[in-house]
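Contents: one structure, followed by commentary.
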Amino acid sequence: MPDSMSEQLQQDMVCEGLLECFHGLKQLDKQCFQVLVRAEEPLTVDEIAEIVDRERSTAYRSIQRLLQSGFIQKEQVNYEQGGYYHVYSPTDPEKISDDMQRMLNDWYAKMGQLIQEFEDKYARQDTEIAVEG
């Protein structure tokens, strides 16, 4: 991933790049998300791990990152004789888009504030230098 904003703007991005850009998700996270999107029904971590050909613990960490970022949902399924397991499914794309738009708006407001602080700080120094000179 590029380091600077100007590098990001020059790079060709695809919509899946938003997963990385907004939430710092990894390639495996994107793979797990795509597996869940393509699945016809919610999947367990074991099923996801098998499809992406990774150890269960590795797939589990990826699933946890996706859960924390709000890209997927977890549902508990109860056994009749007691006990339970969890299955995972993708969050509604409209909700994900709304969350990313909100995050982008917050980021934009914060950057605007920092730019103004930069201008205020260095504009005063120019004035002080002109007065002293």
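Numbers here simply count residues along the sequence, with the first being 1.
- At a threshold of 4.5 Å between non-hydrogen side-chain atoms, the residues Q113 and K110 count as touching.
- Distance check, rounded to the nearest 0.5 Å: CD1 of I63 to NE2 of H86 gives 13.0 Å.
- Counting non-hydrogen atoms of other residues, nucleotides and ligands closer than 6.0 Å to CD of Q64 gives a total above 12.
- Enclosure of atom CG in D106 by more than 12 non-hydrogen atoms of other residues, nucleotides or ligands within 6.0 angstrom is indicated.
- Residues satisfying the side-chain contact (heavy atoms from CB on, under 4.5 Å) test with I115, not counting sequence neighbours, are none.
- Listed by chain and number, the residues in a side-chain contact (heavy atoms from CB on, under 4.5 Å) with E40 amount to none (sequence neighbours excluded).
- Between P90 and Q73, the closest heavy-atom pair is O-NE2, 3.9 Å.
- Considering L25, I48, I72, I51 as possible partners of C32, the one that fulfils the side-chain contact (heavy atoms from CB on, under 4.5 Å) test is I48.
- Using a 4.5 Å heavy-atom threshold, the side chains of D29 and F71 count as separate.
- The stretch residues 79-98 participates, sequence neighbours left out, in these salt bridge (charged side-chain N to carboxylate O under 4.0 Å, His left out) pairs: K95-D99.
- Within the 4.5 Å cutoff, no side-chain heavy atoms of Y88 are placed close to those of L43.
- Summarising the geometry of G70 relative to T91, their closest heavy-atom pair is O-OG1, 2.9 Å, with the distance given to 0.1 Å.
- With rounding to the nearest 0.5 Å, the separation of OG in S62 from NZ in K26 is 9.0 Å.
- Rounded to the nearest 0.5 angstrom, L67 CG and K74 NZ are separated by 6.5 Å.
- Partners of E47 by side-chain hydrogen bond (donor to acceptor under 3.5 Å, both in side chains), not counting sequence neighbours, listed by chain and number: T44.
- Residue V77 shares its hydrophobic cluster (ILVMFWY side chains chained together at separations under 4.5 Å) with Y79, Y85, V87.
- Classification of the Y122-F118 ring pair by plane angle, with boundaries at 30° and 60°, yields tilted.
- By the 6.0 Å contact criterion, CD on Q116 is enclosed, its count of non-hydrogen atoms from other residues, nucleotides or ligands being greater than 12.
- In this structure, the side chains of V45 and R56 come closer than 4.5 Å at one or more pairs of heavy atoms.
- Residues passing the side-chain contact (heavy atoms from CB on, under 4.5 Å) test with R61, sequence neighbours excluded: S57, T58, R65.
- For the pair Q31 and V52, the tightest heavy-atom approach, listed with the atom from each and the gap, is CB-CG1, 4.2 Å.
- Side-chain contact between F33 and V37 is present, with at least one heavy-atom pair separated by less than 4.5 Å.
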